[in-house]
Novice: 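Handing you this structure, nothing more for now.
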Amino acid sequence: KAGVTQTPRYLIKTRGQQVTLSCSPISGHRSVSWYQQTPGQGLQFLFEYFSETQRNKGNFPGRFSGRQFSNSRSEMNVSTLELGDSALYLCASSLERGAKTQYFGPGTRLLVL
Amino acid sequence: DAKTTQPPSMDCAEGRAANLPCNHSTISGNEYVYWYRQIHSQGPQYIIHGLKNNETNEMASLIITEDRKSSTLILPHATLRDTAVYYCIVRGGRDDKIIFGKGTRLHILP
């Protein structure tokens, strides 16, 4: 069974631009969570989607948004990019909400110049 | 804030058992202890989880103290490929977010 896939793997943007990242969960998994990882803050929870609805949200500004499609694939969007948004963005999928195990993708490394 | 405390780094000789401690003194009755690891530049990888009994799988063993305030992840025969940051996480019900702490950076010494 294929793992979690994320596209693109690497991305370079400039301040003020917006970006959309994509995540395809493991087949059959219905819950998708997003995390941001930076050297200073470590791994931080962004949000969780289940059945096309946002179920949980971390402490990030409204510039960070996401959505989930009927096939469980998910996208996250960051508008008006700032230098501090440079990070590794990780997506994780699990069978159901609150499932004991989340499986992480390889991440999308975003660099904002 | 993370609900767990881990040492920032540890060393272990190759072939020996690596014992990684985690303190979770505020854990509540319905919260599980999870362990993940992250090898450089990859996404975190699930290792093991438990509630109150000791657990073992093909990767590791998890020992949880009787009062559940601390636990130890044991990698029985550490190899160089086990070099990673290990995260201990406490998580409760379905609405509970996974909150990662700083983790322990494990160095396996040849």
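Below, read A as the first sequence line, B as the second, and so on, with proteins coming before strands; counting in each chain starts at 1.
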Novice: So, do A:Y49 and A:F47 have ring centers that fall under 6.0 Å from each other?
Specialist: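 That pair passes the under 6.0 Å test.
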
Novice: Side chain from CB out, backbone as N, CA, C, O: work out which of these in A:Y35 comes under 4.5 Å of a heavy atom of chain B, or both, or neither.
Specialist: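 Just the side chain, heavy atoms under 4.5 Å.
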
Novice: Taking side chain as everything from C-beta outward and backbone as N, CA, C, O, which of these in A:Q44 sits under 4.5 Å from a heavy atom of chain B? Side chain, backbone, both or neither.
Specialist: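 For A:Q44, neither part sits under 4.5 Å from chain B.
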
Novice: Would you say the rings of A:F104 and B:Y36 are close, in the sense that their centroids are separated by under 6.0 Å?
Specialist: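 Centroid distance B:Y36-A:F104: below 6.0 Å, so yes.
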
Novice: Let me see the working for A:E75 and A:R73 under salt bridge (Lys or Arg N to Asp or Glu O under 4.0 Å), right down to the final yes or no.
Specialist: CA-CA 7 Å; A:E75 289 180 348; A:R73 191 177 69 85; 3.4 Å; yes

Novice: Using 4.0 Å as the upper bound for N to carboxylate O, is an ion pair formed by A:R63 and A:E82?
Specialist: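 Answer for the salt bridge query: yes.
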
Novice: Does the pair B:E31 and B:R91 meet the rule for a salt bridge (Lys or Arg N to Asp or Glu O under 4.0 Å), with working shown?
Specialist: CA-CA 5 Å; B:E31 291 182 317; B:R91 186 186 187 196; over 6 Å; no

Novice: Just give me the residue among A:R109, A:Q41, A:K57 that pairs up with chain B most often, heavy atom to heavy atom, under 4.5 Å.
Specialist: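 Answer, by heavy-atom pair count under 4.5 Å with chain B: A:K57.
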
Novice: Find out whether B:I74 and B:I63 are in side-chain contact, i.e. whether some heavy atom of one side chain is under 4.5 Å from a heavy atom of the other.
Specialist: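 Yes, close enough: below the 4.5 Å cut-off.
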
Novice: If you round to the nearest 0.5 Å, how far is OG of B:S9 from NZ of B:K102?
Specialist: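 Reported to 0.5 Å precision, the distance equals 14.5 Å.
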
Novice: Select one option (side chain, backbone, both, neither) describing which atoms of A:L43 are under 4.5 Å from chain B's heavy atoms.
Specialist: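 A:L43 touches chain B through backbone and side-chain heavy atoms alike.
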
Novice: Could you list which of residues 5-17 of chain A have a heavy atom closer than 4.5 Å to any heavy atom of chain B, in residue-number order?
Specialist: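 Heavy-atom contacts from residues 5-17 of chain A to chain B are absent.
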
Novice: If you take all heavy atoms of B:M10 and B:P21, which pair is closest and at what distance?
Specialist: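 Taking B:M10 first and B:P21 second, the nearest heavy atoms are SD-CD, 3.6 Å.
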
